[in-house]
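Starting from 1, each residue takes its place in the sequence as its number. Since the structure is predicted, the reported quantities are computational estimates derived from the model, not experimental observations. Below, each value reflects all heavy atoms present in this structure, side chains not excepted, and no hydrogens, waters or symmetry copies.
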Amino acid sequence: MSGILSWVKQMIFLLVFLNMAQQLLPNVRYRKYFRFLCGLIFIAVLMGPVLSVFGAEDWEAALYSQILDNGDAWMDESKTEDVQVDFSEMEETQLSLYREYEERMAEDLTE
C-alpha cells in the first residue's frame with residue numbers, strides 16, 4: 001500500500017512541477033512542444049509500476065546507462081586512432097591555386 005501511495009505522490013509532484021514549468025515558458029508558441037514532451041515524461045513515469053510488475057525493476061537506470069554508453073561511442077579513442085588524414089594533396093592544390101593567382105595578378109598589372 002505504501003508503494004501505491006508513493007507512486008501517487010510522485011505523480012502529483014510531477015504534474016505540479018510540469019505545470020509550473022509550463023507557466024515559465026517565455027513564449028506561448030513553445031507550449032505545444034513542451035506539452036508533448038511532458039506527456040512523454042508522464043507516460044514514462046506512469047509505466048514504471050507496470051514494467052516493474054513484468055520484471056523490469058530498474059528500467060530507468062538501465063535505459064539511462066544504455067543512452068550514456070551509446071552516447072559516448074563517438075568519443076572512443078580506439079576507433080579514432082585509425083583515422084589518418086593526408087593533407088599533402090590539399091597543400092599541393094592550394095599552392096598551385098596560389099601560383100595561378102599570382103600569375104594572373106602579374107598579367108593584370110602589366111596590362
Side-chain angles (χ1 to χ4, degrees):
M1 188 66 170
S2 68
I4 295 173
L5 183 61
S6 170
W7 180 70
V8 170
K9 285 180 183 179
Q10 183 180 8
M11 288 297 179
I12 291 171
F13 175 75
L14 179 65
L15 286 174
V16 169
F17 176 74
L18 292 177
N19 282 327
M20 285 177 27
Q22 183 178 0
Q23 296 302 319
L24 295 175
L25 286 176
N27 199 341
V28 179
R29 294 185 307 177
Y30 303 125
R31 192 161 285 182
K32 63 181 176 181
Y33 303 112
F34 185 76
R35 290 180 78 186
F36 176 73
L37 179 66
C38 291
L40 291 177
I41 293 170
F42 189 73
I43 289 171
V45 172
L46 189 66
M47 293 299 291
V50 175
L51 291 174
S52 66
V53 168
F54 293 115
E57 287 295 326
D58 202 13
W59 66 273
E60 293 108 343
L63 180 65
Y64 185 69
S65 67
Q66 183 180 7
I67 289 171
L68 285 181
D69 290 344
N70 290 337
D72 291 340
W74 65 273
M75 293 175 46
D76 189 11
E77 293 193 21
S78 65
K79 295 178 183 176
T80 58
E81 289 177 358
D82 298 336
V83 177
Q84 294 179 355
V85 180
D86 185 19
F87 289 112
S88 61
E89 185 178 323
M90 291 173 44
E91 290 173 356
E92 291 173 11
T93 305
Q94 184 180 15
L95 285 173
S96 67
L97 288 173
Y98 182 69
R99 287 185 196 121
E100 183 180 338
Y101 172 75
E102 284 182 336
E103 290 172 2
R104 288 189 183 182
M105 288 302 289
E107 288 176 9
D108 287 345
L109 291 176
T110 56
E111 291 178 0

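With Tyr101 as the fixed residue, the side-chain contact (heavy atoms from CB on, under 4.5 Å) test singles out one of Met105, Arg99, Glu103: Met105.
In this model, no donor atom of one side chain and acceptor atom of the other lie less than 3.5 Å apart for Gln94 and Tyr98.
When all heavy atoms of Leu18 and Phe34 are compared, the pair lying nearest together is O-CE2, 3.6 Å.
Atom CG of residue Asn19 and atom CG of residue Leu14 lie 9.5 Å apart, to the nearest 0.5 angstrom.
Heavy atoms of other residues, nucleotides or ligands lying less than 6.0 angstrom from CD of Gln22 number more than 12. Heavy-atom neighbours of Glu102 CD from other residues, nucleotides or ligands within 6.0 Å: above the threshold of 12. By the neighbour-count criterion of 12 heavy atoms within 6.0 Å, atom CZ of Arg31 is densely surrounded, having more than that number from other residues, nucleotides or ligands.
Cluster membership check: Val8 shares its hydrophobic cluster with Leu15, using side-chain heavy-atom separations under 4.5 Å among Ile, Leu, Val, Met, Phe, Trp and Tyr. Neither Val16 nor Leu24 shares a network with the other; the hydrophobic side chains, linked directly or stepwise wherever heavy atoms of I, L, V, M, F, W or Y lie under 4.5 Å apart, form separate groups for each. When the side chains of ILVMFWY residues are joined at heavy-atom separations under 4.5 Å, either directly or via intervening members, Met11 and Leu37 end up in a single hydrophobic cluster.
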